[in-house]
Amino acid sequence: IEQLRVERPFTRIIQRGERFNFSDLIERFASDTAAPEPPSTEPVRWILRDLQVDSCSIDYGSDLLDMPIRIVRLDASCPGMAWDQDRIDATVDLELAHGTTLKSELTYAQAAGLYDVQATLAKTPVHWLRPYILPFMAIGDMEGMMGTTLHLKGSVADPMAVALSG
């Protein structure tokens, strides 16, 4: 595929406990008991060049969150990936409904399952941190905005193997 461009997709995700509004689809296709075809000894050769997602919006509501999360704009790009290319590079820029912005550059090494992310977060309300601080500190209200630059490295195989600086 020389170019794949997706413009203005919208997704609504609703979570109630451990179930999502698409859990029935996962269960339906995961329970397919058709006999698998014997695997080919040749790798499937595929190339995807110039992947672009423009102006995606996502609404995520959950009974586990104090408030829904609404991404009003998500732009993503990847210059290319292929069956014989271990490294995947991508950029993701997004804006949340209340004004928070995130600009990030990602690198993923497929064989090792290692990722490296450089991200800049801006205009983030500090009251979002309150639930994470309350178990450790007695505080009243939190107001204001924050921004940060983060560097995150880790492994998809071991979620606890994470290094974060910023």
Side-chain angles (χ1 to χ4, degrees), residues 3-26 48-81 85-166:
Q3 181 183 46
L4 178 59
R5 185 178 185 107
V6 181
E7 295 180 354
R8 295 178 187 40
F10 171 75
T11 302
R12 176 171 288 129
I13 301 169
I14 301 170
Q15 182 180 7
R16 299 291 175 252
E18 294 182 12
R19 294 204 46 88
F20 293 87
N21 57 328
F22 51 85
S23 292
D24 59 327
L25 296 173
I26 294 171
L48 172 57
R49 300 188 206 287
D50 192 17
L51 171 63
Q52 302 284 326
V53 177
D54 293 325
S55 302
C56 175
S57 57
I58 302 170
D59 285 347
Y60 172 61
S62 171
D63 55 359
L64 305 175
L65 298 174
D66 290 339
M67 66 182 88
I69 297 174
R70 183 160 186 253
I71 298 173
V72 294
R73 182 195 48 80
L74 182 145
D75 298 326
S77 67
C78 176
M81 57 183 96
Q85 174 185 328
D86 184 57
R87 181 178 161 152
I88 297 174
D89 294 308
T91 62
V92 176
D93 295 341
L94 65 84
E95 180 179 353
L96 298 175
H98 62 270
T100 294
T101 60
L102 173 73
K103 294 185 178 296
S104 60
E105 295 179 2
L106 308 95
T107 299
Y108 180 61
Q110 296 184 84
L114 300 176
Y115 58 86
D116 190 322
V117 180
Q118 298 278 345
T120 301
L121 190 66
K123 302 179 194 168
T124 303
V126 295
H127 74 267
W128 276 23
L129 297 173
R130 194 169 191 275
Y132 305 102
I133 294 173
L134 281 177
F136 307 103
M137 302 171 91
I139 60 169
D141 200 8
M142 295 178 66
E143 292 186 30
M145 304 291 262
M146 70 168 212
T148 188
T149 299
L150 299 171
H151 184 194
L152 177 69
K153 294 176 87 167
S155 167
V156 295
D158 182 2
M160 299 306 289
V162 172
L164 176 67
S165 63

Out of curiosity, [X] [atom1] to [Y] [atom2], how far, rounded to the nearest 0.5 Å?
X	Y	atom1	atom2	answer
His127	Glu143	NE2	CD	10.0 Å
Met81	Asp86	CE	CG	13.0 Å
Glu7	Asp75	CD	CG	10.5 Å
Cys56	Arg8	SG	CZ	12.0 Å

Find out whether [X] and [Y] are in side-chain contact, i.e. whether some heavy atom of one side chain is under 4.5 Å from a heavy atom of the other.
X	Y	result
Ile133	Met142	yes
Leu48	Leu4	yes
Gln15	Leu64	yes
Ile88	Cys78	yes
Tyr60	Thr11	no
Thr120	Ser104	no

Output all residues satisfying side-chain hydrogen bond (donor to acceptor under 3.5 Å, both in side chains) with Arg70, sequence neighbours left out; order by chain, then residue number.
Asp59

side-chain hydrogen bond (donor to acceptor under 3.5 Å, both in side chains) partners for Asp54, two or more places apart:
Arg5

Partner residues of Phe22 under the ring-ring contact (aromatic ring centres under 6.0 Å, His included) criterion, sequence neighbours left out
Phe20

Does CZ in Arg16 sit with more than 12 non-hydrogen atoms of other residues, nucleotides or ligands closer than 6.0 Å?
yes

Which heavy atom of Thr148 sits nearest to which heavy atom of Gly166, and what is that distance?
OG1-C, 4.3 Å

Any idea which heavy atoms bring Val72 and Ser57 closest together, and the distance?
O-CB, 3.9 Å

Using distance only, find each side-chain donor-acceptor pair of residues 150-161 under 3.5 Å and give its atom names and separation, not counting sequence neighbours.
from, atom 1, to, atom 2, distance (Å)
His151, NE2, Asp116, OD1, 2.8
His151, NE2, Asp116, OD2, 3.4
His151, NE2, Gln118, NE2, 3.3
Ser155, OG, Ala157, N, 3.1
Ser155, OG, Asp158, N, 3.4
Asp158, OD1, Met160, N, 3.2

Report all side-chain donor-acceptor pairs from residues 93-101 shorter than 3.5 Å, counting only partners two or more places apart or in another chain.
from, atom 1, to, atom 2, distance (Å)
His98, NE2, Thr100, OG1, 2.6
Thr100, OG1, Lys123, O, 3.0

Run the side-chain donor-acceptor check on residues 105-113: report pairs under 3.5 Å with partners two or more places apart or on a different chain.
from, atom 1, to, atom 2, distance (Å)
Thr107, OG1, Asp89, OD1, 3.0
Gln110, NE2, Gln85, O, 2.8

